[in-house]
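Report on one structure; see the data block that follows.
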Amino acid sequence: MRLTKYGHACVRVEKDGKVLVVDPGTLSEAEALDGADAVLVTHQHFDHLDVERLRSASPELEVWTCEGVAGELSGVPAKVRVVRHGDDFTAAGFAIRVFGEWHAKNHPDMPIVQNVGFLLDDEVFYPGDALTVPDVEVPTLLVPTHAPWLKGSEMVEYLRTVRPARAYSTHDGLLNDVGLSLVDNWLKLESDKQGADMRRLAVGESIDLP
């Protein structure tokens with residue numbers, strides 16, 4: 001499969017001519033959805049979900065997400081499917097397993113919303129806005145590296161708990177060049193320590209996975 005990084009928290013995954021897009025929010029480029037067969041949405045925050053963009057999508061598009069997001073997608077022509085922790089399904093030719101239930105704790109006055117993570121083809125795990133640890137091996141982890149709910153030390157501990165062979169930065173769209181260089185340094189330190197490929201992909205950069 002080929003994985004392409006888009007702005008902030010969005011990734012596009014392609015295999016056998018099929019296209020799956022994860023978390024195309026308002027901070028990601030519109031072209032991420034071009035030709036998409038299916039979309040996965042982890043939770044309802046604007047940086048992961050762009051309702052207006054989905055309103056203009058093809059009615060043949062499938063959207064797989066949690067109940068909280070589905071409630072915001074009334075009037076969207078796409079086929080919306082609700083999934084929960086423990087579910088498995090197939091979308092755009094990918095075998096997908098669902099892990100997690102809740103967003104990480106954020107601002108004390110903000111309610112904690114639902115958040116589901118997705119494991120694609122037992123290869124790529126995207127946790128959304130949570131540090132969910134699946135009870136299975138994770139070869140490739142899309143690791144959140146910056147957020148109001150996240151400390152750098154927590155990101156490092158997450159990498160050390162999951163111990164993926166590969167980890168690529170996500171949720172990094174709010175950082176300037178200084179912050180991105182810090183993420184690069186921390187991922188390199190952990191990559192060297194674990195003997196793994198841990199780094200940040202540039203927006204638009206693609207990588208081929210097993």
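Computed from heavy atoms alone, side chains included, the values below leave out hydrogens, waters and symmetry copies.
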Inset, instruction - Give the cluster check for Tyr6 versus Val51: same hydrophobic cluster or not, with ILVMFWY residues linked at side-chain heavy-atom distances below 4.5 Å. - result: no
Legend entry - Asp34 bridged to Arg12 by N-O distance under 4.0 Å: no
Inset, instruction - Enter the distance from Glu14:CD to Ser206:OG here, rounded to the nearest 0.5 Å. - result: 7.0 Å
Inset, instruction - Might you confirm whether atom CD of Glu67 has over 12 heavy atoms from other residues, nucleotides or ligands at distances under 6.0 Å? - result: no
Inset, instruction - Please assess Thr42 against Asp23 for the test side-chain hydrogen bond (donor to acceptor under 3.5 Å, both in side chains), listing each intermediate value before the final yes or no. - result: CA-CA 7 Å; Thr42 61; Asp23 280 7; 2.7 Å; yes
Inset, instruction - Could you tell me whether the side chain of Arg160 reaches within less than 4.5 Å of the side chain of Lys193, counting heavy atoms only? - result: yes
Inset, instruction - For residues Leu73 and Leu49, determine if any side-chain heavy atom of one lies less than 4.5 Å from a side-chain heavy atom of the other. - result: yes
Inset, instruction - Answer yes or no: is there a donor N or O on one side and an acceptor on the other, between the side chain of Glu72 and the main chain of Val69, under 3.5 Å? - result: no
Legend entry - Candidates Arg199, Arg166, Met1 - the one meeting side-chain contact (heavy atoms from CB on, under 4.5 Å) with Ile207: Arg199
Legend entry - Step-by-step side chain to side chain contact (heavy atoms under 4.5 Å, CB included) determination, Leu33 to Val39: CA-CA 8 Å; Leu33 278 176; Val39 167; 3.4 Å; yes
Legend entry - His43 vs Asn115, side-chain hydrogen bond (donor to acceptor under 3.5 Å, both in side chains): CA-CA, chis, key distance, verdict: CA-CA 5 Å; His43 66 286; Asn115 180 97; 3.1 Å; yes
Inset, instruction - Evaluate the side-chain proximity of Tyr168 to Lys5: yes if any heavy-atom separation is below 4.5 Å, no if none is. - result: no
Legend entry - Asp208 with Arg2: basic N within carboxylate O range, under 4.0 Å: yes
Legend entry - Side-chain heavy-atom pair Arg200, Asp172 within 4.5 angstrom cut-off: yes
Inset, instruction - Please check if Leu40 and Val13 belong to a single hydrophobic cluster, counting links between Ile, Leu, Val, Met, Phe, Trp and Tyr side chain heavy atoms closer than 4.5 Å. - result: yes
Legend entry - Ionic contact status for Arg163 with Glu137, cut-off 4.0 Å: no
Inset, instruction - Could you tell me which non-hydrogen atom of Thr140 sits nearest to which non-hydrogen atom of Leu209, and how far apart they are? - result: OG1-CD2, 4.0 Å
Inset, instruction - Compute the centroid of each ring, for His8 and then for His171, and state whether the two points are separated by less than 6.0 Å. - result: yes
Inset, instruction - Under the side-chain hydrogen bond (donor to acceptor under 3.5 Å, both in side chains) rule, what do Ser181 and Asp184 come out as? Steps first, then yes or no, please. - result: CA-CA 5 Å; Ser181 68; Asp184 292 340; over 6 Å; no
Legend entry - side chain to side chain contact (heavy atoms under 4.5 Å, CB included) evaluation trace for Leu189 with Val156: CA-CA 10 Å; Leu189 286 171; Val156 172; over 6 Å; no
Legend entry - Within 6.0 angstrom of Lys15 NZ, more than 12 heavy atoms from elsewhere: yes
Inset, instruction - Report yes or no: do Val41 and Val22 belong to one cluster of Ile/Leu/Val/Met/Phe/Trp/Tyr joined by side chain heavy-atom distances under 4.5 Å? - result: no
Inset, instruction - Please report the C-alpha distance between Leu131 and Val143 in whole Å, then the side-chain angles of each, then the deciding distance to 0.1 Å, and finally whether the side chain to side chain contact (heavy atoms under 4.5 Å, CB included) criterion is met. - result: CA-CA 8 Å; Leu131 300 180; Val143 57; 5.8 Å; no
Inset, instruction - Find out whether Asp129 and Val113 are in side-chain contact, i.e. whether some heavy atom of one side chain is under 4.5 Å from a heavy atom of the other. - result: no
Legend entry - Residues Asp87 and Arg97 bridged, charged N to O under 4.0 Å: no
Inset, instruction - With the side chain counted from C-beta on, respond yes when Tyr158 and Val133 share a heavy-atom pair under 4.5 Å apart, and no when they do not. - result: yes
Legend entry - Minimum heavy-atom distance between Cys10 and Pro24, given as atom pair plus value: SG-CA, 3.8 Å
Inset, instruction - Given side chain to side chain contact (heavy atoms under 4.5 Å, CB included), test Leu142 with Phe125 step by step and report yes or no. - result: CA-CA 6 Å; Leu142 299 177; Phe125 182 60; over 6 Å; no
Legend entry - Ile96 and Asp88, any side-chain heavy atoms less than 4.5 Å apart: no
Inset, instruction - Quick one: closest heavy-atom pair of Ala165 and Ala196, and the distance? - result: O-CB, 3.3 Å
Legend entry - Sidechain N-carboxylate O distance under 4.0 Å for Glu52, Arg55: yes
Inset, instruction - State, yes or no, whether a side-chain contact exists between His85 and Thr132 at a heavy-atom distance under 4.5 Å. - result: no
Inset, instruction - State yes or no: do Val19 and Trp64 share one hydrophobic cluster built from I, L, V, M, F, W and Y residues joined by side-chain heavy-atom distances below 4.5 Å, directly or via other members? - result: no
